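Below, read A as the first sequence line, B as the second, and so on, with proteins coming before strands; counting in each chain starts at 1. Side-chain atoms are counted along with the backbone in the values below, which use heavy atoms only and exclude waters and symmetry mates. This one's a predicted model, so the numbers in the text were calculated from it and none came from an experiment.
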Protein chains: 4
Amino acid sequence: MSTVGFVGLGSMGSGMVRRLLAAKRRVVGYNRTRAKAQPLLDSGMTWAETPRAVAEAADVVFTMVRDTPALHAVTEGPDGILAGLGPGKIYVDMSTVSPAASKDLAARVAERGGKMLDAPVSGSTVTLREGKLTFMVGGERATCDAVTPILLDIGAKVTYVGDHGQGALMKIATNLNLTAQMLAFSEGVLLAEKGGIHRETAVEVLLNSALASPMLRYRGPFVLRDPEEVLFDVNMMQKDMLLALEMGQALDVPLPTTSLANEFLTAARAMGLEHKDCAAVFEALARLAGLPR
Amino acid sequence: MSTVGFVGLGSMGSGMVRRLLAAKRRVVGYNRTRAKAQPLLDSGMTWAETPRAVAEAADVVFTMVRDTPALHAVTEGPDGILAGLGPGKIYVDMSTVSPAASKDLAARVAERGGKMLDAPVSGSTVTLREGKLTFMVGGERATCDAVTPILLDIGAKVTYVGDHGQGALMKIATNLNLTAQMLAFSEGVLLAEKGGIHRETAVEVLLNSALASPMLRYRGPFVLRDPEEVLFDVNMMQKDMLLALEMGQALDVPLPTTSLANEFLTAARAMGLEHKDCAAVFEALARLAGLPR
Amino acid sequence: MSTVGFVGLGSMGSGMVRRLLAAKRRVVGYNRTRAKAQPLLDSGMTWAETPRAVAEAADVVFTMVRDTPALHAVTEGPDGILAGLGPGKIYVDMSTVSPAASKDLAARVAERGGKMLDAPVSGSTVTLREGKLTFMVGGERATCDAVTPILLDIGAKVTYVGDHGQGALMKIATNLNLTAQMLAFSEGVLLAEKGGIHRETAVEVLLNSALASPMLRYRGPFVLRDPEEVLFDVNMMQKDMLLALEMGQALDVPLPTTSLANEFLTAARAMGLEHKDCAAVFEALARLAGLPR
Amino acid sequence: MSTVGFVGLGSMGSGMVRRLLAAKRRVVGYNRTRAKAQPLLDSGMTWAETPRAVAEAADVVFTMVRDTPALHAVTEGPDGILAGLGPGKIYVDMSTVSPAASKDLAARVAERGGKMLDAPVSGSTVTLREGKLTFMVGGERATCDAVTPILLDIGAKVTYVGDHGQGALMKIATNLNLTAQMLAFSEGVLLAEKGGIHRETAVEVLLNSALASPMLRYRGPFVLRDPEEVLFDVNMMQKDMLLALEMGQALDVPLPTTSLANEFLTAARAMGLEHKDCAAVFEALARLAGLPR
């Protein structure tokens with residue numbers, strides 16, 4: 001059986017490795033700070049000293065990092081993944097990055113004889129733990145088919161969407177919905193609340209209604225109390241919104257609710273909430289409605 | 001066992017009666033056009049000649065009609081429900097109407113010695129058939145408790161939200177999300193499509209993601225082909241959006257995505273799509289993006 | 001020379017009468033509170049005890065009131081203007097009211113043998129004092145021609161726009177621009193200010209630029225300090241915005257900036273600024289930008 | 001008297017040189033295509049073979065180019081302006097570029113012993129011909145004072161706004177208003193038109209009203225017929241809007257009307273109107289309103 005490499009062991013990455021290990025996959029991993037990897041090492045993951053070493057040791061290498069600069073940090077240079085790739089190797093990036101950056105990287109992987117896929121995921125660490133993560137994959141279909149068994153050890157569904165960069169684009173097209181949904185939800189909660197309905201009741205009804213997406217069921221309750229752990233903060237959400245707006249410009253697609261919702265993320269930042277969960281658009285709107293949190 | 005009265009036997013109303021009959025409830029019903037009631041009569045519903053006659057024959061009377069004027073048409077006048085109400089009777093309106101109209105009506109029911117609830121539902125005929133409809137109830141809690149067993153024969157969950165009119169308000173606060181979600185979804189689909197991803201694939205991925213609310217799982221596919229039957233058209237959705245905007249004005253709650261999304265319903269009307277499913281905001285945005293449907 | 005009647009002697013109305021008197025017009029006037037009319041009576045205006053008496057005494061009657069209900073208060077009933085109108089009389093309403101209300105009134109004036117015009121104005125009391133007010137007139141062109149000499153004693157320019165109600169519509173189509181311009185101006189000021197430019201400097205530059213409409217030159221400085229007198233407050237502006245949004249619904253015209261800007265008037269109301277000049281949208285946006293006024 | 005250098009002789013740049021020559025200034029100029037400079041050479045301007053040669057020959061050098069890349073093209077490299085600057089020289093950029101780019105450039109000018117100002121202008125070629133251009137200047141105040149006499153030979157008003165880059169920021173904060181004003185104006189025109197008022201009449205009334213900024217008086221008539229020459233097309237306007245949105249992100253200032261109006265520029269591009277005057281947002285909205293141009 002093939003060896004799986006994994007670079008980027010944050011909350012999503014380490015959860016994925018945990019599922020791969022549970023599926024009896026051989027995993028070699030690397031993370032910028034080794035300490036975070038210890039529980040995985042205890043569970044059987046092998047450590048590699050550099051991203052390049054991961055690529056050299058593995059047949060299929062995955063990355064799961066924060067953004068385009070973080071991706072470059074693990075792919076470029078003498079210790080980077082690219083340096084460790086060669087014919088027969090497959091490199092799968094699951095981060096949310098710009099489609100153009102993903103496409104460029106795929107071309108450079110191809111120059112080294114490897115194959116690349118962009119395979120971002122939909123879902124949070126909760127979805128991941130439940131095994132319900134879904135993948136949207138860009139690249140060659142045959143490469144997608146080849147790694148699908150590994151992806152299905154991590155999540156529940158793999159959809160091949162098209163050429164290099166189109167997985168990344170599809171992820172962006174997905175995520176733009178999140179802020180808009182959260183802002184509309186906030187409008188509903190505040191309308192109910194200023195009309196005399198308890199906020200708890202309003203949230204309960206909304207989350208039992210036809211508009212309750214998995215994201216809202218997870219994030220909606222954050223308008224009642226802050227989450228214990230912030231998995232996707234205002235800054236991270238805005239990174240994705242700005243990628244969406246950039247692609248809208250590039251592809252001539254007007255994105256009215258996306259751009260409007262993004263301004264409320266900016267407002268949340270202006271209120272000092274940049275490290276709060278992105279549900280903080282609620283607080284920006286609440287301020288505009290004359291209501292304290 | 002008490003007799004249930006039902007006025008308004010459109011697609012939602014008749015589906016509700018069907019569930020009541022299946023639960024062995026005694027139902028007496030009225031509809032403006034009797035022909036539509038025939039299948040229910042064949043299944044055991046009793047016919048009444050006027051809304052007043054329904055109210056006289058039943059212990060608990062339900063109405064499920066299109067809008068505030070339609071509600072007045074069945075409640076007012078010598079043949080109206082009000083004329084048939086008296087002490088001990090409970091009247092439950094499940095239509096989506098203005099909270100003020102609902103409150104007024106409750107006061108007039110009280111004058112006649114009866115009790116009223118506003119109990120609008122979340123869900124479509126599909127949700128109804130699955131027995132998953134949810135109710136948001138305004139009025140006195142004891143009255144709500146009294147009719148809850150009947151409501152649970154129709155749907156799955158009853159939430160008491162507060163005083164008269166607050167069920168209606170909660171419904172409006174729910175529905176404003178629908179257009180905003182649909183418009184954001186359309187932005188995602190069009191961004192993917194202009195980036196080279198097949199529309200079918202984009203819809204599939206989005207509906208397998210964390211943003212896929214029950215409403216979007218039902219309505220999202222309408223951007224691929226028109227539904228066989230239009231259950232909630234542009235005009236009906238806009239009626240609800242205007243109620244939301246009116247309440248936003250009345251309660252001083254800014255509703256930015258609601259008001260923006262509403263303008264795309266207006267655009268759909270300007271394109272002649274007022275009788276299409278409200279998913280037609282997609283077509284308005286597609287036109288703006290230079291794409292035919 | 002004909003006698004001019006005038007009902008509604010607020011800040012705009014009394015300024016108009018002042019100009020008519022200065023032009024040696026014979027004016028008979030009425031106001032709900034007579035005290036406010038005293039300076040005009042001292043300058044030669046004749047008092048009438050009711051709106052009807054004004055209509056009976058004058059050849060051409062003007063009204064300038066706050067809104068549609070105020071208009072009905074002076075036109076209806078035994079003491080109303082309608083009761084005093086008859087063949088040969090011309091009635092000109094300069095208020096900003098709904099086009100439908102204006103059209104209805106014109107029909108009732110016609111039933112009595114009179115002619116009506118809707119002739120709202122563009123400009124503030126400042127514009128009025130400078131003699132630069134402009135009129136947009138709906139009704140029959142011949143009637144418009146007949147009163148034009150009087151209108152030109154009040155202001156500078158008369159434009160005949162079309163049939164009954166179209167003057168009112170044109171006024172609404174004008175006013176929707178004001179909030180949008182003020183909100184965009186606020187965005188410019190706040191962007192400059194948070195970038196380190198003094199607010200005073202930013203306002204000065206903006207008001208010396210190509211975007212400085214007469215309205216902005218008047219209202220822009222209010223972001224520096226409150227005006228001494230509030231001539232057009234948040235509530236009045238929102239009345240006009242809601243008329244615009246209503247007409248947009250009726251005529252199937254999407255009004256994206258109008259609806260968005262209106263939400264910031266709502267926010268200003270939520271902040272308790274409803275009686276401040278409508279420049280208060282600046283403060284709503286400033287709050288969203290994390291800036292105190 | 002000092003010699004003035006000028007790089008970038010497009011419609012704005014050559015109009016400025018014309019005014020400098022009319023004021024008896026000694027001007028040495030350069031343009032990428034010499035042919036365009038011929039009329040100015042005929043009027044007394046001296047030609048230089050490179051931007052560097054302009055900088056060497058002049059005491060004060062101006063640039064007026066399209067965007068940040070075009071600015072780099074004339075400032076960098078062995079033939080660039082920077083190479084020709086030294087102690088005692090002043091370099092004034094009047095282009096609309098990003099504040100960060102302007103600040104960087106100022107630092108590099110300082111390294112060579114020179115002084116830089118960012119001094120973008122408000123106004124079009126029409127304003128320029130009328131001598132009414134205004135300048136917003138960033139840099140050291142003493143440098144601003146030193147060049148003010150030259151600036152006043154070109155335009156009418158100089159406002160010192162602050163440090164390096166703040167002239168650029170102020171220009172961006174100004175220009176964001178233009179699209180928003182044009183879109184709101186379009187809403188007014190379309191509302192009037194669908195209500196039965198001739199478009200010509202609507203434009204006339206609006207341009208005689210309190211909202212008629214100099215920009216709207218110039219650009220508003222373009223909704224009736226295309227201008228003979230396009231001075232500021234959709235692409236150029238969108239460049240400025242994107243600079244504004246970028247600065248809004250950087251400075252945490254929500255820009256709701258700016259971002260919304262920008263989406264209508266995107267729509268205009270999607271309709272193939274990118275090289276039309278930016279008044280083309282009208283056509284995007286008209287399409288949404290179901291109206292052909």
Specify which of D:Thr258, D:Leu255, D:Asn262, D:Leu245 makes the most heavy-atom pairs with chain A at under 4.5 Å.
D:Leu255

Report which part of D:Leu265 has an atom under 4.5 Å of a heavy atom belonging to chain A: side chain, backbone, both, or neither.
neither

Who passes ring-ring contact (aromatic ring centres under 6.0 Å, His included) against A:Tyr218, sequence neighbours left out?
A:Phe222

Return yes when atom NZ of A:Lys239 has more than 12 non-hydrogen atoms of other residues, nucleotides or ligands closer than 6.0 Å, and no otherwise.
yes

Counting only heavy atoms not in A:Lys194, do more than 12 sit closer than 6.0 Å to its NZ atom?
yes

Counting only N and O atoms by type, is there a donor-acceptor contact under 3.5 Å from the side chain of A:Arg269 to the main-chain atoms of D:Gln249?
yes

Side chain / backbone / both / neither for A:Gln238 at chain D, heavy atoms under 4.5 Å:
side chain

Where is the tightest heavy-atom contact between D:Pro254 and A:Thr266, given as atom of each residue plus distance?
N-CG2, 3.8 Å

Residues 167-176 of chain D: residues contacting chain A (heavy atom under 4.5 Å, by number)
none

So, the part of D:Leu242 with a heavy atom under 4.5 Å from chain A: the answer is side chain

Can you list the residues that meet the side-chain hydrogen bond (donor to acceptor under 3.5 Å, both in side chains) rule with D:Thr125, with sequence neighbours excluded?
none

If you check every heavy atom in residues 179-187 of chain D against those of chain A, which residues fall under 4.5 Å?
none

Taking the side chain as C-beta and beyond, is there a heavy-atom pair between D:Glu263 and A:Val253 under 4.5 Å?
no

